Amino acid sequence: MDLKLHDTLTRKKRVFKPLDPRNVRMYVCGPTVYDYAHIGNARPVIVFDVLFRLLRHLAKQGVWDKGKDRTKVTYVRNITDVDDKINARAAEEYPLLPLNRAIREVTKKTSRQFHEDVKLLGCLRPSKEPRATKHIAEMKKLISRLILKKRAYILDDHVLFRVKGVRSYGRLSHRSLKYMKSSARGEVAPKLNPLDFVLWKPSKRGEPAWKSPGGIKVRGRPGWHIECSAMSWKYLGREFDIHGGGIDLLFPHHENERAQSCQAFDEAEMAKVWVHNGFLQVEGKKMSKSLGNFVTIHELLQTWPGEVLRLQMLNTHYRQPLDWTNAKMNSAQSELEDWVIRIEKVLGKSIGKSRAKTEVSEGLIKALCADLNTPGALAYLRQSAKRIGDDPKRALSFLCDCEFLGLLNRRNMGLLSREFGGQGQSPDLMIKAFDIYQSFRSKLHNKLPGAKLEFENRIRRLGGEVKYLEDGGVHLIQTDDSVGKIDDLIAKRTEARARKDWIESDRIRDELAKMGVALKDTKDPETGEPKTTWEIAR
RNA sequence: GGCCACGUGGCGGAGUGGUUACGCAACGGUCUGCAAAACCGUGUACCCCGGUUCAAUUCCGGGCGUGGCCUCCA
């Protein structure tokens, strides 16, 4: 199956063919680690995770090497750990430490947090995650090459890229040089031309500093754009297949990267395809600190399972603008609940420890191959979900499809459903426990530190005991000989129904309803016997 | 101001030069003693104006609206 991707440079969808059929190479701009990542950062991470999964799948199918299944996929996502924002944050947060130590603390802490966050969003680790500070040598090599070619010049201990004369500058972001000249302003560094950008700048006292290239005496540090050129070069070569990132990085970041790399290596192109994801808004407005609508992933994971955000994001095509709303989180949550219920109705909770697998469905791959049409893929999944019925094969196939997209994980999906059971408990205990369960559900699912212990303690204080299920869900178990009041009442009602004593039957149902227990009458599919199940209605 | 993207039913959101995804909500039905759940089915849309065409929501032009980048909150 051909994969089609929209290329920002040509503004066209094109069939993707790797330069090297043995190795598909993708580079995506990663986070600057100075603070919690927000949901705007989450979008490219999720989008390119899906693309990574798709590429690996197609590679395994042998799409690019005639069925030999020898293609590997190399996905590089950098970590920017040298940056003004990091310096500022470090000085603010650790005023007593030497700046360099403080910076290390900030970048260490923030990158660990980033990894925890995106893991909970169902994202796989990239093949390589290079850090800028470990690749200063490569950056300096690049800069020296550019100086040698007279593509860069030195001014006041800065090295600047000379944009004038680069024919294709502006082509990627579709901007004309002519206009940009008049609009550029407010620059910090000295420049011969306002369009030129910084490759290397002198460090202030206390800031991270390395020996400068080009014979500059004072120590300095790299500019932002050169990092990505250096790291993609080191791990993927002079020209590679896919360069990804948010549309907000298109100008100036990617335009400059492309100019540097192409000029340094005399390559016509840096990447074969440029893929950009659309911008994200929050409740119809731009997310900004001043508006106070800044939403971090970390904060969201306190109340929502990570998969819920992932599902909301995949419900919009990656190039479309995405309006993040609470309402959509709710609807994504219900949808996941529904899926888990359908799967477990057929496969049971024990699926959590099963290793059974099926091939990923063609329909799903087909949708993804059409420029990563995740809404189309989800439409396909919804159809599959409806068709599960009581067919275990379909249920397993559906589960595998969801797992492929990173939307479900069989070992940890029990808490996605609202179901919370317990045998032989009193309604009073169940209802109180259910409230606690509700408030801890996402925290438990996301395995937030301390959540499990606190949950267990609070249940214990009520007089219950927690039982963990194979799919990650929880139930209550009986701790004493207390009468199972709910079960009792249901049994009485079943008797009444058998007698056709509807008045008594409804009275019991009302009594339970008053306590917050909702009944559902079904038939056992095998025996045809009437069966009554219940759940806490809240 | 320059450039770019987007504007689809009550809401969310795909896609297409002719047959109108998908989810939620709504409505109708099946099942049920009733209810709930489940299942089945139905309706409603392509911002406005002009052009190209046998035919446009889809292509082109203009307008309006929203958002983004240009300006270290991505």
Side-chain angles (χ1 to χ4, degrees), chain A residues 8 11 29-32 34-35 37-45 83-88 170 173-176 178-188 194-195 198 223-224 245-255 276-281 284-294 311-312 314-317 319-323 325 327-328 330-332 334-335 338-339 341-342 345 367 370-371 373-386 389-390 496-497 499-503 505-506 509-510 513 518-523 525 530 532-535 537:
Chain A
T8 310
R11 307 271 153 139
C29 293
T32 301
Y34 74 103
D35 202 352
H38 53 68
I39 53 178
N41 304 127
R43 172 117 107 141
V45 177
D83 179 271
D84 290 339
K85 278 177 280 191
I86 298 172
N87 300 346
S173 57
H174 292 240
R175 276 154 219 265
S176 84
K178 221 173 165 186
Y179 177 73
M180 281 194 288
K181 262 181 204 166
S182 56
S183 78
R185 60 179 168 140
E187 296 295 345
V188 224
L195 274 181
V198 173
W224 176 37
I247 190 79
D248 48 292
L249 297 179
L250 181 57
F251 189 89
H253 186 53
H254 291 161
E255 193 69 64
H276 288 95
N277 64 271
F279 215 69
L280 178 131
Q281 285 177 265
K285 292 208 174 87
K286 178 175 166 138
M287 181 167 67
S288 72
K289 280 174 182 161
S290 55
L291 281 173
N293 61 353
F294 221 78
L311 179 55
Q312 177 178 165
L314 297 186
N315 205 27
T316 299
H317 185 90
R319 281 191 284 119
Q320 294 286 357
L322 168 65
D323 187 21
T325 66
K328 286 184 197 169
N330 273 315
S331 104
S334 330
E335 195 154 33
D338 178 58
W339 291 356
I341 290 166
R342 282 170 196 271
K345 200 176 96 193
D371 192 27
N373 186 350
T374 53
L378 291 174
Y380 175 84
L381 283 186
R382 287 172 186 134
Q383 290 303 293
S384 309
K386 286 221 154 177
D390 49 13
R497 289 180 70 210
R499 291 195 308 268
K500 294 195 194 294
D501 183 354
W502 309 128
I503 295 171
S505 159
D506 289 352
R509 187 168 65 200
D510 289 347
L519 300 184
K520 287 185 209 174
D521 292 333
T522 53
K523 266 187 188 154
T532 300
T533 60
W534 58 272
E535 60 183 32

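Everything numeric here is computed off the predicted structure, so don't read it as measured data. Chain identifiers are assigned alphabetically (A, B, ...) following the order of the sequence lines, protein sequences preceding nucleic acid strands; residue numbering begins at 1 within each chain.
For the pair A:Asn330 (side chain) and A:Ala327 (backbone), a donor-acceptor distance under 3.5 Å is absent.
The separation of B:U32 from B:G10, taken at their C1' atoms, amounts to 31 Å, rounded to a whole angstrom. Across B:G9 and B:G13, the matching P atoms stand 11 Å from one another, rounded to whole Å. B:U8 and B:U16 have their C1' atoms separated by 12 Å, given to the nearest Å. Straight-line distance between the P atoms of B:U30 and B:A35: roughly 12 Å, to the nearest whole Å. Spacing between B:C3 and B:C46 at atom P, rounded to whole Å, works out to 31 Å. Going from the P atom of B:C54 to that of B:G62 covers 24 Å, rounded to whole Å. Rounded to whole Å, the separation between the P atoms of B:A14 and B:G51 comes to 31 Å. Across B:U19 and B:G43, the matching P atoms stand 15 Å from one another, rounded to whole Å.
Closest to the A:Arg11 side chain, of the nucleotides B:A5, B:G2, B:C72, is B:A5. Comparing B:C4, B:G15, B:G2 by their closest approach to the side chain of A:His317 singles out B:G15. Side-chain atoms of A:Tyr34 lie closest to B:C73 of the nucleotides B:G12, B:C70, B:C73. In this structure, the nucleotide among B:G23, B:C73, B:C72 sitting nearest to the side chain of A:Arg382 is B:G23. With B:C69, B:C73, B:G13 as the choices, the nucleotide that has an atom nearest any side-chain atom of A:Lys328 turns out to be B:G13. Here the side chain of A:Gln281 is nearest to one of B:G13, B:G68, B:G67, namely B:G67. Distance from the side chain of A:Phe294 is smallest to B:C73 among B:C73, B:C69, B:A5.
No engagement by A:Leu381 is indicated, since no non-hydrogen atom pair under 4.0 Å with the nucleic acid exists. Within 4.0 Å of A:Ser331, counting heavy atoms only, lies no atom of the nucleic acid at all. Using a 4.0 Å heavy-atom cutoff across all strands shown, A:Asn373 reaches sugar-phosphate atoms only and no base atom.
Remark: C1' of B:G7 and CG of A:Leu322 are 16 Å apart, rounded to the nearest angstrom. Here B:C70 presents its C1' atom at 12 Å from CD of A:Glu255, a figure rounded to the nearest Å. Taking atom OH of residue A:Tyr380 and atom P of nucleotide B:G15, one finds them 19 Å apart after rounding to whole Å. Between the CD atom of A:Gln383 and the C1' atom of B:G15 there is a distance of 15 Å, rounded to whole Å. One can place CG of A:Asn277 at 20 Å from P of B:G67, the figure rounded to the nearest angstrom. Counting to the nearest Å, the P atom of B:C73 and the CG atom of A:Leu249 are 12 Å from each other. Rounded to a whole Å, the CZ atom of A:Arg175 is 7 Å from the P atom of B:C70. Here the P atom of nucleotide B:C4 and the CD1 atom of A:Ile247 are 12 Å apart, to the nearest Å.
Between the CZ atom in A:Arg175 and the CD atom in A:Glu255 there is a gap of 8.0 Å [rounded to 0.5 Å]. In this structure, OG in A:Ser334 is found 10.0 Å from CG in A:Leu311, a value given to the nearest 0.5 Å. Here the CZ-NE2 distance, from A:Arg43 to A:His38, works out to 13.0 Å after rounding to the nearest 0.5 Å. Atoms CG and CD1, from A:Asp35 and A:Ile86 in turn, are 11.0 Å apart once rounded to the nearest 0.5 Å. From A:Arg499, atom CZ reaches atom OG of A:Ser505 across 9.5 Å, with rounding to the nearest 0.5 Å. Residue A:Ile247 holds its CD1 atom at 9.5 Å from OG of A:Ser173, rounded to the nearest 0.5 Å.
Both key distances under 3.5 Å define a Watson-Crick or G-U pair, and stretches of 3 or more such consecutive pairs in RNA chain B run B:1-7 with B:64-70, B:10-12 with B:22-24, B:26-30 with B:38-42, B:47-51 with B:59-63.
Nearest-nucleotide assignment on RNA chain B puts the 5′-proximal partner with A:Gly284, out of A:Asp84 and A:Gly284. Residue order along RNA chain B, read from the 5' end via each residue's closest nucleotide, puts A:Arg319 first among A:Ala379 and A:Arg319.
Applying the 4.0 Å criterion to OP1 and OP2 of B:G67, one finds that A:Gln320 has every side-chain N and O outside that range.
At a threshold of 4.5 Å between non-hydrogen side-chain atoms, the residues A:Asp323 and A:Lys328 count as touching. Side-chain contact between A:Ser288 and A:Asn293 is present, with heavy atoms from C-beta onward closer than 4.5 Å. A 4.5 Å side-chain heavy-atom check between A:Thr532 and A:Arg497 finds at least one atom pair inside the cut-off. Side-chain atoms of A:Arg319 and A:Asp371, non-hydrogen and from C-beta on, do get closer than 4.5 Å to each other.
Checking each of A:Asp83, A:Asn41, A:Asp84 against A:Thr32 for a side chain to side chain contact (heavy atoms under 4.5 Å, CB included) leaves exactly one that passes, namely A:Asp83.
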Do nucleotides 26-46 of chain B as a string where each nucleotide becomes B, S or -: B if the base has a protein heavy atom under 4.0 Å, S if just the sugar-phosphate does, - if no protein is that close. -------BBBBS-S-------
